[in-house]
Amino acid sequence: MPPRVTLRQVDTFKVQIGRVTRDLPIVPVSPDVKVALFNMLGDTDVTEEAGRELAQKLPADIDVLVTPEVKALSLAHVISRESGKPYIVIRKTQKPYMVDPVAREVVSITTGKPQLLVLDGFDVQKIRGRKVAIVDDVVSSGGTLHSIRQIIEEVGGEVAAVVAVFTEGQERPEVTALGHLPLFK
Amino acid sequence: MTTAPQELTVTIGDVSRTLPTVRAGGMGRVPLVEFIGDSEFTKAVAQEMVALIPAGTEVLLTVVTNALPLTHELSDRSGLPYVCARKKRRTYMQQPLIQDVPSMTLGVAETLWLDGPHAERLKGRRVTIVQDVVASGGTAQALARLVERAGGTVSGYLAAFRQGTPTLDVIALQDLPRTLS
């Protein structure tokens, strides 16, 4: 069942995720656009509910989950724990211990700045020739998604699913989500 | 004459992992504990750590990134909420608390950022600081400062592993050597 979404007052937006509801604050990200800010960091109940629901919606033939750090990290952990499928984290900075990292730049709606996405070369073998599900908290402009897809395809993986708690702005039929967030003016 | 590099295997519950290592200057190889990407190990460690949370703790405080899935599991098992400090400013942060770390992690100076509304959740609360590995204790000290500045009190320091001899009293499941030959 899709989450019920209703506008409660001007400055918050109510969402339902599994058995829990949250009032998301509506915050400006540019002079003309506001978003309902969904941050799972520190919200154990939402992470558990969303992770369990998304694990059930995950296609059975997926081999591995790939997620960008940081906000969707605990979500990927729960989906992995529930589904038994491993997960790989794409980092936002290159670490000194990475081996032959694969990097892409993306402009994020929540940071407004170019953002680096880096896959440790050590993780390439876990993606090559495998069916991959990308896990994210919110898919909005699709910029992050596009860059992650490029990295996965560059190393020989196949993106077979995209799962997220919410899509935002435009509808995205290719994304398996639990709900949709509008953009606000 | 060459000798085979030392390997370090840790066992928590019924899960064992051979730790990868990173070279640190002339100091040999530093063992790394990775929770991200390993939900099975994370779950096993959380299962044992939950009993070590100091009595009276009301909130857990951690910092990105490696300890995040671990802290989530501890939170889920204990029923205690957690708050997570970041290492970068995010545009949506409101009146964040900014705290420099008085030491370096793998040669990188760090600053911690705690979003204002998240700092509110520490106010008047007894807070346990949760980390994956505590070595010098510098990050733990910076997190403790954030707790005090937010108006909370530190109940204790809890880590999966202690590496070397930190300056703080850290409750940990196991000790790790600082370096391997």
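Small disclaimer: the values here were computed from a predicted structure and weren't measured. Just so you know, these numbers use all the heavy atoms, side chains as well, and skip hydrogens, waters and symmetry mates. Lettering of chains follows the sequences in order, A, B, ..., and the numbering in each one begins at 1.
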Could you tell me which portion of [X] (side chain, backbone, both or neither) has an atom closer than 4.5 angstrom to a non-hydrogen atom of chain B?
| X | value |
| --- | --- |
| Val64(A) | neither |
| Leu73(A) | side chain |
| Asn39(A) | side chain |
| Val70(A) | both |
| Met40(A) | backbone |

ask   = Of all residues at least two apart in sequence or in a different chain, which pass the side chain to side chain contact (heavy atoms under 4.5 Å, CB included) check with Arg172(A)?
value = Val139(A), Thr167(A), Gln170(A), Glu174(A), Val175(A)

ask   = Checking Arg23(B) against chain A: side chain, backbone, both or neither under 4.5 Å from a heavy atom?
value = neither

key: Atom group of Asp38(B) that falls short of 4.5 Å from chain A, counting heavy atoms   = backbone

According to a 4.5 Å side-chain heavy-atom criterion applied to Ile, Leu, Val, Met, Phe, Trp and Tyr, with indirect links allowed, do [X] and [Y] form part of one hydrophobic cluster?
| X | Y | result |
| --- | --- | --- |
| Leu112(B) | Leu122(B) | yes |
| Ile17(A) | Val138(A) | yes |
| Leu119(A) | Met98(A) | no |
| Val50(B) | Phe35(B) | yes |
| Tyr82(B) | Leu52(B) | yes |

Just wondering, are more than 12 heavy atoms of other shown residues or ligands nearer than 6.0 Å to [atom1] in [X]?
| X | atom1 | result |
| --- | --- | --- |
| Asp61(A) | CG | yes |
| Asp100(A) | CG | no |
| Gln95(B) | CD | no |
| Lys43(B) | NZ | no |
| Lys85(A) | NZ | yes |

query = Looking only at heavy atoms, what is the nearest atom pair of Ser39(B) and Tyr87(A), with distance?
reply = N-CE2, 4.0 Å

request  = Heavy atoms only: give me the nearest Gln115(A)-Lys88(B) pair and the separation to one decimal.
outcome  = NE2-NZ, 4.4 Å

message = Apply side chain to side chain contact (heavy atoms under 4.5 Å, CB included) to residues Ile36(B) and Glu69(A) and explain how you reach the verdict.
response = CA-CA 10 Å; Ile36(B) 61 176; Glu69(A) 69 174 344; 5.8 Å; no

query = chain B: which of Asp43(A), Ile88(A), Thr44(A) shares the most heavy-atom pairs with it under 4.5 Å?
reply = Thr44(A)

message = Let me confirm one number: the NZ-OG1 distance from Lys87(B) to Thr93(A), rounded to the nearest 0.5 Å.
response =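 Between atom NZ of Lys87(B) and atom OG1 of Thr93(A) there are 8.5 Å.
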
query = Can you tell me how far the CG atom of Leu37(A) sits from the CZ atom of Arg90(B), to the nearest 0.5 Å?
reply =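 It comes to 11.5 Å.
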
inquiry  = Using a 4.5 angstrom heavy-atom cutoff, name the option from Val83(B), Thr42(B), Thr21(B) with the most pairs to chain A.
reply    = Thr42(B)

key: Close contacts, residues 65-72 of chain B versus chain A, judged by heavy atoms under 4.5 Å   = Thr65(B), Leu68(B), Pro69(B), His72(B)

